[in-house]
Amino acid sequence: MWWLKAAVISLSVCAVLGGRHFPPGFMFGAASAAYQVEGAWNISDKSLSIWDYFAHTYPEKIVGNATGDVACDSYNKWKTDIEIASELGLHFYRFSISWTRLMPTGFPNYISEDGKRYYNDLINLLLEKRIQPVVTIYHFDLPQSLQDLGGWTNPLVADWFANYARVVFSLFGDRVKIWITLNEPITFCDIAYNVGTQAPGYISPGVGNYICNKNTMLAHAKAYRVYDKEFRSKQKGKVSITNEIFWLEADTERDEEAAEKARQLMAGMYCHPIFSKQGGWPPVIERIIAEKSKQEGLPYSRLPTFTEEEIELVKGTYDFMGFNYYTARTVREAKPGEEIGPWPFTGASDIDIILGERRDWKQADVWWFYIYPEGIRKQLAWLKEEYGDIEILITENGCASSSPYQYDEVRVEYYKDHLEQILLSINEDRVRVMGYSVWALMDNFEWNDGYSVKFGMYDVDFRDPNRTRTPRASAEYYASVVKSHSLDVNNKIIDEL
Ligand code: GBH
C-alpha cells in the first residue's frame with residue numbers, strides 16, 4: 001500500500017517542517033551598531049560624528065553622562081565578537097559602518113585606510129566563520145561636519161548619503177549581499193527633532209522632523225538607485241531600509257480609525273513612499289498636516305511635498321523590507337482640547353491621538369517597554385495587507401532590562417513568545433519572513449539610556465578595561481533555537497519558565 005506509506009511519510013514531514021520548525025533557509029542573526037559598540041571615537045583619522053559631539057556636548061541628556069568613547073571596544077575586540085557570534089551559531093551578524101571612520105571628510109574625496117581595513121577584517125573573518133554580514137550603512141552617526149551644514153535637514157544630504165553608499169558598495173559589495181541603507185528614520189528624525197533626546201539635539205517639532213523625513217526617503221532612494229545602476233548586475237545583493245514600528249492597537253472598537261491614523265504616521269511615513277503602489281506620503285497624514293498648517297496661518301504644509309519626479313524616484317526602491325519590533329501601544333482619539341503629551345514619534349500633536357498601554361501587557365523593567373508578542377504578528381499582517389506580499393527581514397527584536405542578571409528569564413521568554421508569533425505569521429498568515437535578528441548580541445551604549453539599559457545576550461562588564469563578555473541564559477537559549485532551527489529545544493531554562 002504505497003499510498004498509505006506516502007501519506008504517513010508526508011504527514012511526518014509536515015510535523016517536522018511545520019509546527020515549531022522554521023522554514024528551511026530562514027536566517028537567524030544578531031545585531032549591533034557602530035557607535036553603540038566600536039568605541040575608538042578618535043582613533044587614527046576618524047572624524048567626529050553627531051553622536052560623538054552630542055555625547056560630549058550635552059552630557060546631561062545621557063544617563064550617567066555616558067558616552068560611546070570606548071563602549072564595547074569592538075574596534076579592538078572584533079575577533080571576540082565574531083567568536084561569540086560563532087558560539088551562538090548565527091547565520092548572520094548585522095553591524096553598521098561608521099561614516100566618519102571610513103570617510104572622515106564626509107565626502108568621497110578621501111577614504112581612511114584604517115577604516116577600510118577594520119571593516120574588511122570584520123567582513124572577512126565573519127565569512128571565514130560562515131556568518132553572513134548584513135550591513136547597515138547608516139545607524140544614527142552622521143559626520144558632524146555635515147551636521148554643521150544642516151545635516152538631515154539639508155536637501156543635499158540625499159546626495160551626500162548616496163555618494164557615501166557608493167563607496168561602501170564598491171569596497172565591500174563583493175562580499176556583502178544584504179544591505180540596509182538607513183536604520184529607523186523615525187528615531188533620528190522624529191525623536192531627534194521633536195524632543196531633542198537624540199543627536200543632533202536640536203528641537204524643531206513638527207518642522208525639522210518632517211524635513212528630515214523627506215530627505216531620508218530621497219537619500220535611501222538615491223542609494224538604492226546607485227546600487228541598481230552600478231553594482232547590482234555584478235554583486236547580486238539585496239538592498240532595503242529598516243523601520244521601527246510599535247504595534248498600535250485600537251483602545252476600544254471605536255478607536256479603529258484613530259489607530260489606523262497612528263499606524264499611517266508611525267509606519268506609513270517611511271513605508272508608503274517606498275513600498276506602496278501609489279508612492280508619496282500616506283494620504284491621510286498629508287491631508288491632516290496640510291489642514292493644520294493652514295489653520296496655523298502657513299501658506300504651505302509643514303510636511304514638505306514630493307514632486308511627481310521624486311515620488312517616482314522613491315517608489316519601489318526595495319528588494320525586501322527591514323522591520324524592527326520591540327513593543328506596542330494602545331491608541332484613542334484625543335478629546336477636544338485634551339492635552340496631548342509630548343509623544344516623541346509625532347510632529348507634536350498633529351494627529352490628535354492619545355497613546356496608552358493595556359493592563360495585561362507585562363512591563364520590562366524599563367519605562368517605555370511593554371511586552372506584547374502578538375503585536376509582532378499583527379504588525380507583520382498589517383504590513384502585508386498594506387504593501388503586498390513583500391519579503392520581510394526582522395532586523396531587530398529584543399528585550400530591555402535594567403539589571404545585568406545572568407539568569408535573564410524575562411528575555412528568554414520574550415524571544416520564545418515572539419518567535420512563536422513569527423511562526424504563526426509564516427504558517428497561518430503566509431507572511432514571507434526571511435529571518436530574525438536579536439537586538440543585541442551584547443550590551444552596548446543604549447543612546448540616552450547610556451549603559452543603564454541592557455539588551456545583550458552577552459553581558460559586557462563596562463568597568464573592566466577588557467570589556468569582558470559573558471553569556472546570559474538568553475544566549476544559551478538562542479543558540480539552541482538556532483541549532484535545532486525550531487522552538488522545540490531541550491533547554492532547562494525553558495523547562496523552568
Ligand atoms: C533601536 O532603537 C535601535 O535601532 C537600536 O540602536 C537601539 O539600541 C534599540 O532599538 C533599542 O532601543 O522616547 O518614546 O521613543 C529604537 C529607538 C529609542 C525606541 C528610545 C524607544 C524610547 C521610548 N528607541 N525609545 S521613546
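One-based numbering, in listed order, for ligands and for the atoms of each. Since the structure is predicted, the reported quantities are computational estimates derived from the model, not experimental observations.
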When you compare ligand 1 with [X], is there at least one nitrogen or oxygen pair between them that comes in under 3.5 angstrom?
X: Trp367; answer: no
X: Tyr326; answer: yes
X: Glu184; answer: yes
X: Thr187; answer: no
X: His139; answer: yes

message: Taking Lys261 first and then Glu333, would you say they form a salt bridge - that is, a charged N and a carboxylate O separated by under 4.0 Å?
response: yes

Test: Lys416 and Glu409 ion pair at under 4.0 Å: no

Whether Asn194 side chain and Gly206 backbone form a donor-acceptor pair below 3.5 Å: yes

statement: Here the atoms of ligand 1 under 4.0 Å from any heavy atom belonging to Ile191 are 15 (O)

- prompt: What atoms of ligand 1 come within less than 4.0 Å of a heavy atom belonging to Glu396?
  reply: 1 (C), 3 (C), 4 (O), 5 (C), 9 (C), 10 (O)

message: Please report the interatomic distance OG(Ser204) to CD1(Ile211), rounded to the nearest 0.5 Å.
response: 6.5 Å

task: Take Leu265 and Ile288 through the test side-chain contact (heavy atoms from CB on, under 4.5 Å) and record every step on the way to the result.
output: CA-CA 11 Å; Leu265 185 76; Ile288 292 172; over 6 Å; no

field: Qualifying residue for side-chain contact (heavy atoms from CB on, under 4.5 Å) with Trp247, from Glu374, Arg377, Arg263
entry: Arg263

query: With a 6.0 Å cut-off on ring centres, are Tyr118 and Tyr75 close enough?
result: yes

field: ligand 1 contact on Asn448 by region, counting heavy-atom pairs under 4.0 Å
entry: neither

message: Below 4.0 Å, non-hydrogen atoms only: which portion of Val195 touches ligand 1? Side chain, backbone, both or neither.
response: neither

